[in-house]
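Below: one structure, written as structure tokens.
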Amino acid sequence: MSSVCLPDGSSRAITPGSTARDLAESIGKKLAQAAIAVVVDGTVCDLSSTLPDAEGTKVRLLTDRDPEALEVLRHSCAHIMARAVVRLFPGCQLAFGPALENGFYYDIESPTPIREEDFPRIEEEMRALIALGEPFERFERPVDQGRDLVRDMGQKLKVEHIDEDLCRFPSLSFYRQGEFVDLCRGPHIPHAGKVGAFKLMSLAGAYWKGDASRQQLQRLYATAFFSQKDLDAYLRQIEEAKKRDHRILGKQLHLFTISPLAGPGLILWMPKGAMIRGILEQFLRDELMRRGYHPVYTPHVGKLEMYRMSGHFPYYRDAQFPPLYHHPAAPPIDLLQYRLAAGALDEAREREMSLFLTQASIVIPGYAEATTPADRLAATAKFAGEVLDLHGIQLPDFVRAVGAEEQARSLLVWLEKQEGYLLKPMNCPHHIQIYKAVQRSYRDLPVRLAEFGTVYRYEQTGELSGMTRVRGFTQDDGHLFVTSEQVEEELLANIELVRFVLKTLGLGDYRVRIGLRAKGSDKYVGSNDDWDNAEAALLRIVKNLEMPHSAEEGEAAFYGPKIDFVVRDCIGREWQLGTVQLDYNLPKRFDLEYIGADNRVHRPVMIHRAPFGSMERFMGILIEHFAGAFPVWLAPEQVRVLPVSEKAADYAKQIELKLREAGIRVTADIGSDKIGARIRTATLDKVPYMAVVGEKEAQSGQVSVRDRLTGDLGAISLEAFMARLEVEIRERRLPAG
RNA sequence: GCUGCUGUAGCUCAGUGGUAGAGCACUUCCUUGGUAAGGAAGAGGUCGUGGGUUCAAGCCCCACCAGCAGCUCCA
């Protein structure tokens, strides 16, 4: 006899070999019917799983009220969807079908593409399968037998997955539902009838195993709930969230616009948006002055040479606007040099390279036809020679050079002599030049330079999205040059600054991500020791702050690890806002120095930080956060004066003037609308306060104040109203709730 | 960049091969109204761009541009 421990603290004896379902039945028939799955010592398992033969195992039965049960349901519904698709689209290859936070997806490769028009019949098939209410039956097979099983079913992707990853396990688990068998870890709901409501949401492409060099599959997104009511509530919630979308509100409220003619991904700030941005910038500027920062200004372009030195130009070659060269031969030579320097590439890298060359509009004769890496490099070198000849450029070193590496080096020597500029992708190299312009003593450190610096990055077309992912944006950038002893203190101060900024704006719903380097990757610069130091310092600080965080490998910048503050937009996508980054590498690359107390030369450490991140992205998130209804201190229009009729127009204009003289952003709506219509317009424009004035107010020198949310607040004197505004603005008061 | 979808008036959208529509917004006139829409008239469109099919294209086909959802990327 063994026993299990239930959530209420009671313990219950079970016979060895009994399942979770047996346990549920022994507790009550109702519970047995309602049970979806079971949590055994923290792990979610099938209801049919055998309970461990031990004393005091913690067991919790899950019903449709538990969030973990919903995840199980969705995973099972993914199987049902896959089964329906396989029935309707013969010859489908199944990949992965996991549950997500708000639903699930299944990646499928179908010989006949699935289209959105097919959703109704897939849903119909699923409804039929759910009506059958067949059980999910688990069984296990040793790896080689399991491999044979999926092979015989013609599931090549599953075979691949077993060969690549799962072969290290002794056995594989499967789930059977009628004729449908799928390789799966589980757990699953007891039977299909548990799915109360579901809906296919969208269709998208996804790469096999998330690898862009592998084949692209079709991903079907869907969601499922235990009841129709829950599904309806979820769909309503999505509709509500869409109304907060900054792209829609930005248009409605005239905050910003994007013109394909001006350029995709380039934000045009309209007066109202610009007003908000200006206030945010001033807010931060004031804060930075208090914290010992020095404002600086740097230009929008910089010499290529500087970005070669920093590493930004070669490292992000395909994510930049094309470099600006004077010499007509330089752009093609630059591209050809880049290709030669890359050397022999494997298939995946070669595909990326070909795409990059195509995008840069250079056609290398013989390149596409070449079958080996060596032939491609030879074609590239040959073409470079022709370009040089065409322009009458004598480059004996290039002619003598043997091999792509040497050829690339000789071309680079020539390129470095050419005048060339880059739209700046980062502010740090410019700030570094400002640091270097003066001899620095340890007494000067930390040197804190700050700038609202606009940078340009050529993001992939598919990435552009409103204000959150753009090709030109202004970072509230700052660089600190510190001694190694000052690193922790300054990091701390800047994390504190980011938190202060977010708190002031009421953005409390964020997560903190520690970006570490991916072990074993070659995409980072600098020594292992520096990286180890930097990563350890960041982790130590965050731990001391007792701030919830997650350390994620592969999320570091190429020059150092970082702490990012990540928020979600209205449709659940995550965006990095504030960031604090630690950098031992750029100081080395630019040979930065200061004179220490020991009268010797030392190297400073750099901290890159941006509390807002980018003004564009921050603004986008802020629009969604406030649903366009900005607090009084940020609102582009703080008060609208509404005369009851044109008889009160003169008084309304007097009020407008007095408020404006007091520094309030105010307009008066003098028109032929009735007062109700004027209130409606002001409310839709999300103006925080309306001052309704008629004959009564004109006689008593009052204004009838109306809040955009709570409505009529009654008549008060103009002085009292101005005092109220003054307090709200000074305190940067946020809307309640 | 890849997969799928979308592009018609300033905005939101209807329009299944035969003379381009609605609501809101805009302009003018009437109305002077007390807390979320007063009335009337008017103006406004190379149907994203370029090709093709057709007697005839907003609608069908191709390419490009832009947007949306997702994937990959993100200093």
Side-chain angles (χ1 to χ4, degrees), chain A residues 105 107 113-117 201-221 242 245 247-248 251-252 254 257-261 263-265 307 310-313 315-316 318-320 351-352 354-356 358-359 424-429 455 457-466 469 475 477 515 523 525 555-560 562 571 573 575-576 579 581 583 586 608 610 642-649 671-684 690-697 704-708 711-715:
Chain A
Y105 67 77
D107 284 348
I114 301 162
R115 313 178 132 265
E116 265 178 50
E117 292 113 76
M201 303 298 288
S202 65
L203 191 59
Y207 299 105
W208 173 225
K209 297 208 169 185
D211 185 342
S213 70
R214 296 212 192 194
Q215 75 256 47
Q216 194 161 26
L217 312 169
Q218 288 194 290
R219 176 171 294 180
L220 270 85
Y221 281 93
K242 274 190 194 153
D245 192 317
R247 292 163 296 192
I248 291 165
K251 200 181 271 183
Q252 265 170 20
H254 303 304
T257 188
I258 301 169
S259 144
L261 188 58
Y307 285 104
S310 72
H312 290 101
F313 180 62
Y315 192 85
Y316 291 103
D318 55 350
Q320 277 159 4
R351 267 198 300 276
E352 279 170 30
S354 298
L355 275 172
F356 168 68
T358 308
Q359 187 195 300
K424 81 171 163 190
M426 282 289 273
N427 299 303
C428 31
V455 297
R457 300 174 187 178
Y458 198 83
E459 303 288 358
Q460 301 182 67
T461 52
E463 291 307 335
L464 299 177
S465 177
R469 193 77 186 265
Q475 296 177 313
D477 213 353
K523 65 176 210 174
V525 298
E555 290 293 326
F558 75 92
Y559 49 73
K562 55 180 184 157
I571 52 175
R573 284 183 294 210
W575 301 101
Q576 172 196 319
T579 183
Q581 316 183 348
D583 177 9
L586 290 184
H608 310 236
L642 308 177
V644 170
S645 79
E646 274 173 43
K647 285 183 198 154
S672 67
D673 278 339
K674 289 172 78 168
I675 184 65
R678 274 198 277 257
I679 287 170
R680 180 170 189 272
T681 308
T683 309
L684 293 177
M690 287 158 253
V692 177
V693 294
E695 287 177 57
K696 273 187 289 180
E697 288 78 7
S704 200
V705 179
R706 190 186 161 91
D707 184 273
R708 76 186 143 195
D712 195 358
L713 300 177

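Every chain is numbered from 1 and lettered A, B, ... according to where its sequence line falls, protein lines coming before strand lines.
In this model, a side-chain donor or acceptor of Tyr207(A) finds a partner on the base of rG1(B) within 3.5 Å. Below the 3.5 angstrom threshold, one finds no donor paired with an acceptor across the side chain of Arg247(A) and the base of rC68(B).
Distance noted for atom C1' between rG21(B) and rG15(B): 7 Å (whole Å).
A salt bridge links Asp245(A) with Arg247(A): the closest approach of a Lys/Arg side-chain nitrogen to an acidic carboxylate oxygen falls below 4.0 angstrom.
Within 4.0 Å of Tyr221(A), counting heavy atoms only, lie sugar-phosphate atoms of the nucleic acid but no base atom.
Applying the ring-ring contact (aromatic ring centres under 6.0 Å, His included) rule to Trp575(A) yields no partners; only residues at least two apart in sequence or on another chain are considered. Residues forming a side-chain contact (heavy atoms from CB on, under 4.5 Å) with Thr257(A) (at least two apart in sequence, or on another chain): Leu268(A), Met270(A). Here His312(A) pairs with Phe558(A) under the ring-ring contact (aromatic ring centres under 6.0 Å, His included) rule; sequence neighbours left out.
Taken to the nearest 0.5 Å, the CG atom of Leu220(A) stands 8.0 Å off from the OG atom of Ser202(A).
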query = If pairs are Watson-Crick or G-U with both distances under 3.5 Å, what is the dot-bracket string of RNA chain B, marking crossing pairs with [ ] and pairs to another strand with |?
reply = (((((((..((((....[..)))).(((((.......))))).....(((((..]....))))))))))))....
Give me, pair by pair, the N or O atoms of the protein and of nucleotides 5-8 of chain B that are less than 3.5 Å apart, along with how far apart they are.
residue, atom, partner, partner atom, Å
rC5(B), OP1, Arg115(A), NH1, 2.8

Strictly under 3.5 Å: I want the nitrogen or oxygen pairs between protein and nucleotides 29-38 of chain B, one per line.
residue, atom, partner, partner atom, Å
rU32(B), O2', Lys647(A), NZ, 3.4
rU32(B), O2, Glu646(A), N, 2.7
rU32(B), O4, Glu646(A), OE1, 3.2
rU32(B), O4, Glu646(A), OE2, 3.0
rG33(B), N7, Val644(A), O, 2.8
rG33(B), O6, Glu646(A), N, 3.2
rG34(B), O6, Glu695(A), N, 3.1
rG34(B), O6, Lys696(A), N, 3.0
rG34(B), N1, Glu697(A), OE1, 2.8
rG34(B), N1, Glu697(A), OE2, 3.4
rG34(B), N2, Glu697(A), OE1, 3.3
rG34(B), N2, Glu697(A), OE2, 2.5
rU35(B), O2', Arg706(A), NH1, 2.7
rU35(B), O2, Arg706(A), NH1, 3.2
rU35(B), O4, Ser704(A), OG, 2.4
rA37(B), N7, Arg680(A), NE, 3.2
rA37(B), N6, Arg680(A), NH2, 2.4
rA37(B), N1, Arg680(A), NH1, 3.1
rA37(B), N1, Arg680(A), NH2, 3.1
rA37(B), N3, Arg680(A), NH1, 3.2

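Rounded to a whole Å, the CG atom of Leu261(A) is 17 Å from the P atom of rG48(B).
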